[in-house]
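Everything below concerns the one structure shown next.
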Amino acid sequence: NMAKSSAERQAAFRQSAINGNRFRLNTYINAESRAALAALSKRYAVTQAELIERLLIAEKDRLVSGMDDAQLAEFFGDVTQ
């Protein structure tokens with residue numbers, strides 16, 4: 001059985017990400033943020049994607065912890081996937 005090419009491995013990864021409820025994020029960030037992302041992900045031994053996910057979820061959890069039902073509905077109401 002021949003080894004998969006780089007393109008075949010990338011295609012398989014993208015398909016598994018899609019099947020795993022994961023979404024691609026394409027954006028630009030400034031140099032300070034990029035350095036922080038690299039340093040923090042290394043420090044915590046996680047991927048950059050995992051670090052971004054953890055930071056976003058922690059901030060979301062912090063914000064919603066004091067919200068009532070109406071505020072929660074407003075906060076999540078405009079979120080689309």
Side-chain angles (χ1 to χ4, degrees):
N1 208 4
M2 294 183 64
K4 288 183 179 179
S5 71
S6 178
E8 288 170 329
R9 284 193 306 275
Q10 290 171 11
F13 175 81
R14 281 192 299 273
Q15 190 58 50
S16 70
I18 291 167
N19 294 340
N21 195 32
R22 300 191 63 81
F23 301 88
R24 184 172 181 84
L25 178 65
N26 291 315
T27 191
Y28 291 94
I29 59 176
N30 66 33
E32 182 180 7
S33 296
R34 175 66 179 93
L37 179 60
L40 288 167
S41 64
K42 182 179 177 184
R43 167 66 176 82
Y44 294 116
V46 295
T47 66
Q48 292 179 4
E50 288 170 316
L51 179 66
I52 291 168
E53 290 168 350
R54 289 180 185 189
L55 291 170
L56 290 171
I57 291 168
E59 180 62 8
K60 181 266 304 174
D61 288 347
R62 187 187 70 77
L63 281 174
V64 302
S65 65
M67 290 184 182
D68 62 27
D69 287 347
Q71 291 168 320
L72 286 170
E74 181 180 348
F75 180 75
F76 288 110
D78 294 332
V79 178
T80 58
Q81 294 189 14

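Side chains are part of it too, since the values below use all heavy atoms of this structure and drop only hydrogens, waters and symmetry mates.
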Exercise for the section: Find the distance between CG (L40) and CZ (R43) and round it off to the nearest 0.5 Å. Expected result: 9.0 Å
Practice task
State the CG-CG distance between L51 and L37, to the nearest 0.5 angstrom.
Solution key: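 The distance works out to 6.0 Å.
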Handout entry: Residue pair Q48, R34: steps toward the side chain to side chain contact (heavy atoms under 4.5 Å, CB included) verdict
Key = CA-CA 10 Å; Q48 292 179 4; R34 175 66 179 93; 3.3 Å; yes
Exercise for the section: Check step by step if side chain to side chain contact (heavy atoms under 4.5 Å, CB included) holds for Y44 and E50. Expected result: CA-CA 10 Å; Y44 294 116; E50 288 170 316; over 6 Å; no
Practice task
Verify the cluster assignment for L55 and I29: are they in a single hydrophobic cluster under the rule of side-chain heavy atoms below 4.5 Å apart?
Solution key: yes
Practice task
For the pair E59 (side chain) and L56 (backbone), establish whether a donor and an acceptor sit closer than 3.5 Å, ignoring hydrogens and angles.
Solution key: no
Handout entry: Closest non-hydrogen atom pair between A49 and R22, with its separation
Key = CB-NH2, 4.2 Å
Problem - Heavy-atom pair of closest approach, residues Q71 and G66 - result: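 Nearest pair, atom of Q71 first, then G66: OE1-O, 4.0 Å.
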Exercise for the section: Kindly check if the number of other-residue, nucleotide or ligand heavy atoms within 6.0 Å of CG (D61) is above 12? Expected result: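 Yes, the 6.0 Å shell around CG holds more than 12 heavy atoms from other groups.
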